[in-house]
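Structure record follows, encoded as structure tokens.
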Number of protein chains: 2
Amino acid sequence: MKTPASKSTPPPFDRERQYAAKRRAVIFAAGAAFRKQGYHNTSMVEIARSLGLSKAALYYYVKSKEEILYNCHIMVYDAMDISVKAVRGNKGTGLEKLENLYEEFVKLLTRDGLALLADIGGLKGDFKKTVLMRRGKIERAVTRIVIAGMKDGSIAKADPKVTVFFFMGALNWLNLWFEPGGRLSGEEIAQAFVAQMRAGIAGPKP
Amino acid sequence: MKTPASKSTPPPFDRERQYAAKRRAVIFAAGAAFRKQGYHNTSMVEIARSLGLSKAALYYYVKSKEEILYNCHIMVYDAMDISVKAVRGNKGTGLEKLENLYEEFVKLLTRDGLALLADIGGLKGDFKKTVLMRRGKIERAVTRIVIAGMKDGSIAKADPKVTVFFFMGALNWLNLWFEPGGRLSGEEIAQAFVAQMRAGIAGPKP
DNA sequence: AACTCTTTCGACTTCAAAGTCAAGTTTCTT
DNA sequence: AAGAAACTTGACTTTGAAGTCGAAAGAGTT
């Protein structure tokens, strides 16, 4: 926080970085509260207090409550997009790819306080449009893998949409009961979820 | 409340029945809106208008918005309790019982506009306590069946809680994407969900 | 047709929470 | 140490939706 003022190249003390870090902290604190209580049941004052700040201080870092919610959503989708890309290159059957991806998803959601929030109704206009678009993108990517798996025989033939919605539901529900530091670790849940997902859809061809 | 005073039995025109029916209509209309938009994103005025009423007319049938939400929850849990009881008497393995129950659950949620709402944060005090209790009751009933299934070998041994949360998540998520009258009927979804749930957890003993 | 209970309405009040502001304090730079 | 930028504050305004009320229109009964 304090940098030496002497002659050489004093570590730049990047103010932007400081600001960005605090802004991130605000969004994560809010996200954690939204996850547990829901967007509308969490006031800006609560968020502020959880960080030891006053409400107005929050508005130094964010423009509005809606913007916080938007960023909570986008952060998760960004992380998921990365996982999707990572899996794209993989060799293996559709089922294998899906296992890898799903495991990453569970780990994401049980680490770092990232949460798939259901609250999209709290967003308006472009915020809403963008979030729905991003969610659709993830969904389509997963569905594509499932369809590929059905083609190569690693996944049992069925309606792809229903198949996907079934195990994606488990991810969305996860946020409402998972407690970091509870009896079950994210790792354990990831293992169990992947196993159950896999067994649920595995096809005839091994 | 009022019984005909004349000699014969003129059509009773039961006012209580009328009232109860309209009250039910209010709760269902509200439930449908809550399901799609969320509790806090649905105003009383909207609910009223969807029924062709004014806001004040709503308050003739319900005491508060919170009471509506409470009743939406309770109606689902009542219906689920009935399904649980129906399954209790059944013969068969744990897995078979669970299949029957799960199928009933999906059908419930795709019929009659009943919806498992996630919004519990909108409730306070006794309302909240009761809803959480009812939800816990259902969860425990399902978990008990799963544990029995693990004992009789029809369900693969694993952490019962995680096993249950996985497929119950699909039910909760269902509400957010299912559209009555859409491409997929409730029947079809029920078949697909049961199949995927079953395959996901089936044990060694057939 | 008069009477009464049920049902509805428009207009009002209340309330909680989002968002704003002017002025103060702290932290870094020179 | 002075000046500027970053940061924080308590008190204020705004907003949107919940909930209330007195009057009136409708329906069934005699």
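Chain letters run A, B, ... following the sequence lines, proteins first and then strands; every chain starts at 1.
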Flag side-chain contact, heavy atom, 4.5 Å: B:V146 against B:F167
yes
Could you label the plane-to-plane angle of the A:F165 and B:W177 rings as parallel, tilted or perpendicular, counting under 30° as parallel and over 60° as perpendicular?
parallel
Please give, in whole Å, the distance from C:dT7 P to B:Y19 OH?
8 Å
Aromatic rings B:F166 and A:Y102: how do their planes relate, parallel, tilted or perpendicular, breaks at 30° and 60°?
perpendicular
Just the rounded figure in Å: distance from P of D:dG16 to CD of B:E46.
14 Å
Are side-chain heavy atoms of B:F105 and B:I138 found at a separation under 4.5 Å?
yes
Whether B:Y61 contacts C:dT8 is assessed here as follows: a side-chain N or O lying under 4.0 Å from the phosphate OP1 or OP2. Is that the case?
yes
To the nearest Å, give me how far apart CZ (B:R23) and C1' (C:dT6) are.
17 Å
Interatomic distance, A:N41 CG vs C:dA16 P [rounded to whole Å]:
15 Å
Using atom names, set out every protein N or O paired with an N or O of nucleotides 17-20 of chain C below 3.5 Å, distance rounded to 0.1 Å.
unit_1 : atom_1 : unit_2 : atom_2 : d
C:dA18 : OP1    : A:M44  : N      : 3.3
C:dA18 : OP1    : A:K65  : NZ     : 3.0
C:dA18 : OP2    : A:M44  : N      : 3.0
C:dA18 : N7     : A:K55  : NZ     : 3.1
C:dG19 : OP2    : A:Y59  : OH     : 3.0
C:dG19 : OP2    : A:K65  : N      : 2.9
C:dG19 : N7     : A:K55  : NZ     : 2.7
C:dG19 : O6     : A:K55  : NZ     : 2.6

Looking only at non-hydrogen atoms, find the nearest pair between A:G94 and A:S154 and report the distance.
N-OG, 3.5 Å
Using a strict cut-off of less than 4.0 Å between a Lys/Arg side-chain nitrogen and an Asp/Glu carboxylate oxygen, indicate whether A:R23 and A:E67 qualify as a salt bridge.
yes
Between NZ of A:K22 and C1' of D:dC7 the distance, given in whole Å, is 7 Å
Could you tell me how far apart B:Y60 (OH) and C:dT7 (P) are, to the nearest whole angstrom?
4 Å
Rounded off to whole Å, could you give me the CZ-to-C1' distance for the A:R49 and D:dT8 pair?
16 Å
